[in-house]
Amino acid sequence: MVRYIVTEQARAERTQYGIAAMTERKRVDQIDDVALTLEETMRLVSLLQDNGVAPEHFRDVVEDYLSGLMMVE
């Protein structure tokens with residue numbers, strides 16, 4: 001089973017939040033700098049986890065989610 005977690009990287013100009021797809025033993029995939037806020041990244045992680053998104057669809061789902069946000073703004 002895959003588990004999605006928020007990642008954080010401190011940069012000189014700002015903090016970047018990303019998402020990693022993890023199995024029990026290793027990191028399967030990771031996308032850095034997903035959202036500007038921790039809250040938005042956590043919301044997306046919850047959606048991925050709650051809907052049981054398979055790791056092979058992880059990047060597509062994140063891309064679709066972010067594209068949907070851009071259309072709303």
Side-chain angles (χ1 to χ4, degrees):
M1 177 173 203
V2 145
R3 184 171 51 102
Y4 295 97
I5 62 169
V6 174
T7 63
E8 181 178 353
Q9 294 180 337
R11 300 285 186 212
E13 63 276 0
R14 67 184 176 96
T15 301
Q16 294 179 336
Y17 298 101
I19 301 173
M22 308 288 292
T23 65
E24 286 183 27
R25 299 174 192 237
K26 66 177 184 169
R27 186 176 310 223
V28 177
D29 198 356
Q30 180 171 333
I31 302 172
D32 295 322
D33 203 12
V34 171
L36 294 175
T37 66
L38 176 60
E39 293 78 16
E40 187 66 38
T41 308
M42 290 174 61
R43 186 175 306 122
L44 180 50
V45 164
S46 291
L47 288 170
L48 291 164
Q49 197 67 50
D50 293 348
N51 289 290
V53 173
E56 57 267 19
H57 301 295
F58 166 56
R59 287 183 175 271
D60 292 331
V61 171
V62 170
E63 182 180 328
D64 290 347
Y65 178 85
L66 295 175
S67 293
L69 288 179
M70 292 173 132
M71 295 176 84
V72 172
E73 294 176 351

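As the structure is a prediction and not an experimental result, all values here were calculated from the model.
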Mind checking the [atom1]-[atom2] spacing from [X] to [Y]? Nearest 0.5 Å is all I need.
| X | Y | atom1 | atom2 | value |
| --- | --- | --- | --- | --- |
| Q30 | I19 | CD | CD1 | 10.0 Å |
| L44 | L48 | CG | CG | 4.5 Å |
| I31 | T41 | CD1 | OG1 | 11.0 Å |
| E40 | Y65 | CD | OH | 3.5 Å |

Taking all non-hydrogen atoms of both residues, which atom of Q49 and which atom of V2 are closest, and how far apart?
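For Q49 and V2, the tightest heavy-atom pair comes out as NE2-O, 3.4 Å.
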
If hydrophobic clusters are built by linking Ile, Leu, Val, Met, Phe, Trp and Tyr wherever their side-chain heavy atoms come under 4.5 Å apart, do V61 and L47 end up in the same one?
yes

Would you say V62 and V28 are hydrophobically clustered, going by side-chain heavy atoms of ILVMFWY under 4.5 Å?
no

Expected output: side-chain T15 to main-chain R11 donor-acceptor under 3.5 Å:
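Answer holds: no.
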
Would a distance-only check, ignoring hydrogens and angles, find a side-chain to backbone donor-acceptor pair under 3.5 Å from Y4 to V53?
yes

Please indicate whether R3 has more than 12 foreign heavy atoms, meaning atoms of other residues, nucleotides or ligands, lying under 6.0 Å from its CZ.
no

Is it the case that atom CE in M22 sees more than 12 heavy atoms from other parts of the structure closer than 6.0 Å?
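Count over threshold, so yes.
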
List the steps, then state whether side chain to side chain contact (heavy atoms under 4.5 Å, CB included) holds for V6 with L38.
CA-CA 8 Å; V6 174; L38 176 60; 3.7 Å; yes

Less than 4.5 Å apart, side chain to side chain, heavy atoms only: is that true for [X] and [Y]?
| X | Y | value |
| --- | --- | --- |
| D33 | R14 | yes |
| T7 | Y17 | no |
| P55 | D29 | no |

Begin from the C-alpha positions of R59 and D64 and carry the test salt bridge (charged side-chain N to carboxylate O under 4.0 Å, His left out) through to its verdict.
CA-CA 9 Å; R59 287 183 175 271; D64 290 347; over 6 Å; no

